[in-house]
Structure formats: C-alpha cells, structure tokens
Novice: 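To start, I am sharing the structure in question, which I have written as structure tokens.
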Amino acid sequence: MDDIRPGPMVVACIRITDLRPQIEPLSGTVVREPWSTGLSPPDAAALEYSFRIAEAWSGHVVVITAAPPSADAVLRDARALGATVLRIAVGSPSSDQAYMDDLGSDERAMAGMIVAALAPFGRPSLVVCGDRSSDRGTGALPAFLAHELGAAQALGLVAITTTDQESMVVAERRLDGGWRERLHVPCPAVCSVEGAGVRLRRASLTATLAAQRTEIPQVTAAGGPGTTRGTHPGGPAEVVVGPGRPFRPRTRVVPAPDGDDPRLRLLALTGALVAHDPPTVVGPIDAAGAADALLAFLIRHGYLDTEPVGEEAATEGTR
Amino acid sequence: MGKADVVPTPGVSSDTPAFDAVVVGAGPAGSATALALARAGRSVVLVERGPFPGSKNVYGGVVYGRVLDEVVPGWWNEVPVERWVVRRSTMMMTGTQSLAVDYRSAAWGEAPYNGMTTVRSRFDNWLATKAVEAGAQLVTSTVATGLLRDGHGRIVGVRTDRDQGELRANVVVACDGVNSLLAKEAGLMAPAEASHHTLGVKEVLDLPGHVIDERFGLRRDEGVDIEMLGCTRGIPGGGFLYTNSDTVSLGVVLSLPHLAEAKVRPEELIADLKNHPSVAPYLRGATLREYAAHLIPEGGYDTMPTMVTDGMLVAGDAAAMTLAAGLWLEGVNFAIGSGLAAGRAVDRAIAAGDCSAKGLASYRSDLEGQFVLADHKRFRKAPALVLSERIQQRYPGLICDLVDGMFTVTNPVPKPGGVRLTRSVAAKHGVKLRQLAADTVRALRVFG
C-alpha cells in the first residue's frame, strides 16, 4: 500500500467500466472487454475535481475503486497524476462479468467495503464520485458512502470550488431554466459530480512511464453496511443552500492567444499539451463552404498565410 | 520539416527516458516491431494515439496469420477470431449480372488455418498485449507530434503531446499509418499522391450468426470472403463482403482521383452493391451498425518511400506495404512481416553499435528475402493492370455477357459457336480480340 501522506485527504471513488460494451443481440448479454475499460465522463470529472481540491488544500488524493485487475491500467494513469491508488478486489479475478454482477447486487455493502478499505489512510475530508455510471449503476453509492462515513452529502453537482476554510466547499447544482443553486457543503462530505465542465488532466510522459512499472495495491473485500460508520456527535453537518435566489452564470469571452510562433499559438489555443480538443461541428454545409472552413481553420492557426497571393487572391471570390 | 532541415532541436534534455527504440503506432506493424525488439531484450516504448490499440481502426478484411507462426506458436488457439475463411469467391459483375468463381477448402477451416475475419480493435490489442508481455512499454492516448534530432540532424527520438513528452531512443520506428507524419517529417516520404491511394468505405451490417450460416452455406466459425469487380460504376476499384460472427462487412475500394472525377459519393456505390440482385438476398433484413472510411496505400512497390534513414525506419502502411494485386488484397500480414523485420534490423543495428542508415540497411534486404518485398516486387505492375480501363469498365460486362450468351437458351435459334459469340460480345463492349489477347499476355506476365 502507498505511503500515508500528511494533509487533508480527498478521495476519488471511481467506477471503472467498459466504455465500449458489446451486447449479444439475441440474449442481451453484456460482453465486457478488459482492454476498453476506462473512466466514464462523470468519474473523470470526479477525479479532476479531487485533484483541484487537494491542490487548493495542500492535501493529497486517494483513488479507490472496486474492480477486477483489468482496471489497473486506469489506476496507473491516476497514479501517474500523483494520486495514491487502491483497488478492492471483487468478483472473480478471471471474470469481469462476475465483477459486474457482484457490484450491481448491493451498493450499500459496497459502500461499507470502501470505507473499510480507506480506514488505514485516515478520515477523508471529501469524497468525490461520479453521479452515474454507464453499467447498471444506480447512482446511490455516494449516498451510502455518506451514510457510512457520517458525512454530509451533495449529489449531482456541476462544479465544486474551495473556500478560505478547509472545512467547507461550495458546489453548484443545475436547476430548471438554466439556473443553478449554490450549496455550502461542510466537510467531511461526499459529493457526486456530472461529467461536464472539467477535463481530466493528463499525466506527463515521464510519470506515465514510471507508473507503468508499479504494482497496484489491492485489498480484499471486507466490512459491510454499518460496520465502519463514522461517529459524529449529532450526525453530519447540514448542507446550506444559498444565499438568496439561484444564480445564472455569465458567458465568458476567451481571448485569442498571443505570440508569433504558430505552434505555440496552436498549443495555447488547443491546450494540446494539457488535454485534447473536442471535435467541432461546422456543418452541414456544402463542399465550397467546407473548403472555406478548412482554409479558415488553417489560416487561423498559422498553417497558411493570412493573405492569399497571386492568382489565388484573384480567384478567391469564386472558389 | 524537410529532409534538409537538420537544425538542433531546442529543449531536448538529456534526462528524458532513453530507450533502445521508440515505435510509433500500435497497429500490427508497430506491435510486431515492439514484440520482436522486446523478445530480443531491447527496451522499447510503443506509443499509440488512441486510448487502446486498434481503437481508431476501421479495417474490415481478412487477416492471414501464417506470418505469426514463428512468433506466436499456436496463435489460432488464442487470437480473437470472428470466422475462419473457408470460402473465397471472386465475382465479376454488371448492374444486373454476376459470375462468381467460388473456391471452398475444408482445410482452411482447420488448424493451422489460412485466413480469418477479425475485429481489429480486438486483434490489435491482442498483438500489442503480446508485445507488453514480452517487456515492451505501451503508452496510449499519446500522439507523436514530431521528431527529435541531434546537432547533426540525426533522429534521436520523438516529441509527444504530453508534458515532459520527449522520448529519446537509438532508433525510431514509424508505424503511424498510411499518412505517416513522421516519415514525411523525416523526408522519407514524398507528398502524398492521390493516384497511389484508394479510399476504402465499409458498412458493418448486423445479421444473426445462424442467418449468416444459412445464407452463405457456413457452419459455426466458418466464414466467406467475396471480392467483387465491376460494381463501382466504372470507377477503378472493387467491392468486398466478409462475414463476421454476427455481422457482415460490405464495402468498396475506390481510386481516389477517379472517385473525385466521377462526383459520386461512396455511400451511393455501397447502396448499389447492397441492392445488387446477387448481393441483396444475402443481406435481407440486415441493419446498419457502423460506417467507416479509410485511405489505403495501394500504389505498391514502385511507390514505397525510402525505408531507412539515420536513426529511423518505417514499416506497415507508413511504408505502403499493402499488397493490392487484383486477386490478392493483403495488408495486415505484410504489416506484421515488415514490423518483425524492422525489429530484427533494429536489434542488429544496436548490437553493432551503428544505428545510421547504413547500420539499419539490413531491414530492406531482410524484407526482400521474404514475402513482404518479394511479393510486392513480383506484382509491382499489378496495380496498374488491375485498375486499367478495360479491366475495370469493359471486361466484367464482357465476361458476364459471354457467359450469358453461352447459357441463355435461344431456341429455335441455334446456339452460337464460341468464337462467334466471343467476337460479337467483344465488339459489343468495344474490345478488339487483339486487345483481349494482349491483356491476357500482360496478365500472365504480371501474375505469372
């Protein structure tokens, strides 16, 4: 098991799933492929928020999951980002299907196992989960975790930010009509987040290569509902909604990147060294429009001269 | 960056990881290279831009695994196969006719097997796992964005899109596919010419396995490979149909310049093919699962790039290794063969302490001594012949009409003699017997 580190502990409790499951058309059986396991967008967001909050608190991140060994590749990626990782072995080591059946059967028991596995690390200040999973998850695990830890809970969030005090985070949750409510969440707390708003950071190549050589600590399932419940006199502190009426966040203008080097401008614009850009939909448009869009893109990012030269300039209007 | 652009790379630090080799691209060529190197005890990093090997692959053909015999004994017991191809059919078509030459072999349905249909995301991952098990390090979700050079212009590694993303190595092996950016940056590959490429367009159609068995005359894990000529509205190319476990891959391969000239969208050609009277009954009730397109380097031997430079070599599609010789359309086995040869060459070069172009030159001689370049060299004239105007636009109709004339009963008109029938059908299709004879001789020279 990794060294227990000082400072507030932020736990990312993630579920590692097959992102491209195959469905047997006749039987409806879900066939899981170990090589296509990964993080769903909510779990990736949970991990990213964990890192952000741990950085703000000068704390550390513990990533925990209940999964078969096929999840180790994802955990190594998390380790490369600087987290302490832990896998609870559930189901049959040779069968991802058994894992799925076990995991879906009793989420309250799973919450007990997770809290028991975390006990040697100390009491978490914050646990962040994804708000849903793509493979039979009910979204109830965060609530069970909060119950087991005796912690406050705020579920289905779109953002979590820290405050001046480590005993509190501010969270946002969607309301109808584009409005949001702002929650003041006392720690310890369990939060679940939507897969939106943030992108999971990428580890450096050096860290990625180093993490590949390490073993993932594994603990066997232990504990159960109620066996590890946190003791807080009077129960968990209450989440406060407000202040005042819901707020609607403003749109913001992203300035164009500066500099003469097209490559650096492109890197600044795309964040290529930080995260991949999502695809951009420019259509449907006709062929000439598509060509213009491509040329405009290349010019915008410095791959082509901004001004057409010679005959191109003369014929530009008829292209 | 061009060939002459050999400026020192700023920011190349000496503390970046040093490996014997960096292999870019975890397709069949890259994984085979990494496997060969790892088994030789070399430190090798396999860089893949997708989240897992095969994740971006849209290939839908037959994989011939004989090349794996020496590296993964008994590979057929573990490879992720869809169906073992036991039927190979070559079909000449017009809009309403078809003539098929159908070959079936029971031996192809037993070990050691001949060819298989497979899902490349599974196959590529299987092969990459072999490399990892042998000791290679696989780094996914990482794009090789450029080459690192030392002060003498020699390639010493790659730059990736990750932070601290420089990988220094004795040799870089570019297996980054048909549009190899690294080969271009190294000056090994000329700017792409459309005439050297085809566009493969494919639909994957859902059909229950037992229905596939019944319609194609198959049992359990048996499969069929149908190659078609004359189904592309005269655009040089052809069609294909492969059976998978519970899907059918159907598509066309089209000459890029002719496709652009014809102003036809490829999906229209697939729609034609699906509605053809010889194909439609196979596909009745099938539903579309996937649609994909991919460039194929079909130029052959004469269009291959320079394969080696100081500190770098290219393999697989990056080296235009796909064999498109009419009767034979093979790619994965050539990619694996070239990858294994690349691994051996790098191992020899490192052992000799010379990773210059001269030290890596054994790569090409190794390829020439085995099927990879021997077959390409033997069939170097095949692409031009197969994509020629008469083969593509006249002979399918001519052959179908010839057979139609032979087997259509025209009583009370007497049956025509073979020579008279051939003359009249050839004339109908604008082919002179002299041209027919010349093409026959040319074909014998190309394929003989």
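Just so it is clear: chains get the letters A, B, ... in the order the sequence lines come, proteins before strands, and each one is counted from 1. Keep in mind that what you see is a predicted model, and the values were worked out from it rather than measured. Just so it is clear, the values below take in all heavy atoms, side chains as well, and ignore hydrogens, waters and symmetry mates.
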Novice: Take atom CG in D261(A); do more than 12 heavy atoms of anything else shown fall under 6.0 Å from it?
Specialist: yes
Novice: Between S36(A) and chain B, with a heavy-atom cut-off of 4.5 Å, which part of the residue counts as in contact: side chain, backbone, both or neither?
Specialist: both
Novice: Would you mind checking which part of A203(A) comes under 4.5 Å of any heavy atom in chain B, side chain (CB onward), backbone (N, CA, C, O), both or neither?
Specialist: both
Novice: Return the set of residues passing side-chain contact (heavy atoms from CB on, under 4.5 Å) with D77(A) (not counting sequence neighbours), or none when no residue passes.
Specialist: none
Novice: Which atoms of S121(B) come close to chain A, meaning under 4.5 Å heavy atom to heavy atom: side chain ones, backbone ones, both, or neither?
Specialist: both
Novice: Below 4.5 Å, heavy atoms only, C-beta onward: do L19(A) and F52(B) meet side chain to side chain?
Specialist: no
Novice: Going from CZ on R159(B) to CG on L205(A), what distance comes out if it is rounded to the nearest 0.5 angstrom?
Specialist: 13.0 Å
Novice: Heavy atoms only: give me the nearest S204(A)-R162(B) pair and the separation to one decimal.
Specialist: C-CD, 4.2 Å
Novice: Has R132(A) got more than 12 heavy atoms of other residues, nucleotides or ligands less than 6.0 Å from its CZ?
Specialist: no
Novice: Closest approach of R202(A) and T142(B), non-hydrogen atoms and distance?
Specialist: NH2-CA, 3.9 Å
Novice: Count the heavy atoms of every other residue, nucleotide or ligand shown that sit under 6.0 Å from CG of N77(B), and state whether that count exceeds 12.
Specialist: yes
Novice: Counting only non-hydrogen atoms closer than 4.5 Å, does V47(B) touch chain A with its backbone (N, CA, C, O), its side chain (CB onward), both, or neither?
Specialist: neither
Novice: Can you name the residues that form a side-chain contact (heavy atoms from CB on, under 4.5 Å) with A54(A), not counting sequence neighbours?
Specialist: V10(A), V61(A)
